[in-house]
Amino acid sequence: MQAMVLEAAGRPLKAVELKVPEPGPDQILLKVLACGVCRTDLHIVDGELSDPKLPLVLGHEIVGRVEALGANVEGFAVGDRVGVPWLGYTDGTCRHCREEHENLCDHPRFTGYQIDGGYAGWTVADARYCFTLPEGYSDAEAAPLLCAGLIGYRSLKMAEEALTGETKRLGIYGFGAAAHIVAQVARAKGYEVFAFTSPGDTAAQEFARELGAVWAGGSDEMPPQELDAAIIFAPVGTLVPAALRASRKGGVVVCGGIHMSDIPAFPYDILWEERVLRSVANLTRDDAREFLALAPTIPVETRVVRMKLSEANEALQRLRRGELTGAAVLIP
Ligand SMILES: [Zn+2]
Ligand SMILES: [Zn+2]
């Protein structure tokens, strides 16, 4: 099969021929129909996440067709269309797994990071972390639901702790793949969305308004009204004090990314008055089931840019330069 492989951090992916993998007892073999390109892939390529398997097939927003089942697999059949997310394995025995915080597992393995992912013609995945996908989404349109959608949804759930009062103003910093999905869920729940983009990125601001944002501007601007909650998707530490400054007393600021540049020192009084600053890590299977059931009822529409598998390096470059409106999806 064809695969785009990372051999070492800092190098472009290389197109290689690999053997089609064989599923282990708990795994299913999938023909990859589409695989989304996520900012985390860039962090891995750039060496900002320090523990990848190498060589590595990237890709953790996999839409695939079941081709074969391991001996222990139940609940799936050959021919099913399934999705594979970032969290690809947990030990099931550590304290966090026992307490149903499997997203915080002590011995996790992640798809497209420690497990070969979907930048390939075929892949294998632990059946416990495969999900049936809602019909009505094409393969490419379903792909961004699996990371941008799931992590975005978990981030929104954390932000909702401060979205129960008389105003429901949600700031979103960084308006890419995750934001474009979260904004639609937030609108459907009756929240007002304030979108913050790179200063001067009028295309992203226009996109945010199209998706129902009541205000869109640069991340160096203050919103016209104070926020009840904010989610930061851009991996930029200076946005943390910016979001705290824009938030009301008791407001919540959620860092939704896996990597962020250093957060500068800031005065205590922007955190004072019970503002909450927190991160969101990974996803649970419950998040996945909930969100994949919710998305088609809104319905969440995903904006995708289809590219060939062999164009993976170009897709990553376009993501890096902020040239994508929506999410890049590779089609093998
Ligand atoms: Zn665990
Ligand atoms: Zn991701």
Side-chain angles (χ1 to χ4, degrees), residues 4 6 13 26 32 34-46 48-49 51-52 56-63 83-119 123 125-126 128-131 140-156 174-182 231-235 254-260 279-288 291-292 295 302 304-305 312 315-316 318-320 324 326-330:
M4 296 299 288
L6 178 71
L13 308 183
D26 301 313
V32 178
C35 184
V37 176
C38 174
R39 180 164 290 279
T40 298
D41 300 342
L42 266 187
H43 294 315
I44 296 169
V45 169
D46 291 346
E48 288 163 337
L49 299 185
D51 194 24
L56 170 70
V57 180
L58 285 168
H60 58 268
E61 296 181 314
I62 306 170
V63 176
V84 185
W86 168 244
L87 186 58
Y89 171 87
T90 53
D91 58 17
T93 57
C94 77
R95 173 202 171 147
H96 305 289
C97 285
R98 292 197 310 270
E99 294 177 349
E100 293 179 32
H101 300 296
E102 62 191 351
N103 59 309
L104 304 178
C105 178
D106 287 335
H107 304 101
R109 295 173 70 201
F110 297 103
T111 311
Y113 184 42
Q114 286 128 355
I115 305 169
D116 278 335
Y119 286 22
T123 194
D126 187 323
R128 297 177 304 153
Y129 288 93
C130 295
F131 302 101
E141 288 164 344
L145 299 176
L146 288 158
C147 184
L150 290 184
I151 310 275
Y153 179 65
R154 186 172 178 83
S155 303
L156 181 63
F175 212 87
H180 98 286
I181 293 174
V182 168
I231 304 173
I232 303 175
F233 289 121
V254 180
C255 301
I258 192 169
H259 172 82
M260 187 180 255
S279 65
V280 155
N282 314 315
L283 67 133
T284 66
R285 283 170 283 188
D286 279 347
D287 294 330
F291 175 69
L292 293 172
T302 56
V304 298
V305 180
L316 288 166
R318 289 179 64 183
L319 177 59
R320 184 189 301 284
L324 294 162
V329 177
L330 303 176

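These numbers come from the heavy atoms of this one structure, side chains and all, not from hydrogens, waters or symmetry mates. In listed order, ligands and their atoms are each counted from 1.
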(request) Give a yes-or-no answer on whether the side chains of Y129 and T90 include a donor-acceptor pair shorter than 3.5 Å. (result) yes
(request) Answer yes if the side chains of D41 and H60 hold a donor-acceptor pair under 3.5 Å, and no otherwise. (result) yes
(request) Can you tell me, to 10 degrees, how wide the angle at the Zn ion (ligand 2) is between SG on C38 and NE2 on H60? (result) 110°
With a cut-off of 2.8 Å, does [X] put an N/O/S atom close enough to the Zn ion (ligand 1)?
X: D91; result: yes
X: H96; result: no
X: C97; result: yes

(message) With a 6.0 Å cut-off (strictly less than), is the heavy-atom count around CD of E99, excluding the residue itself, greater than 12?
(response) yes
(message) Can you tell me how the ring of Y113 sits relative to the ring of W86, calling it parallel under 30°, perpendicular over 60° and tilted otherwise?
(response) parallel
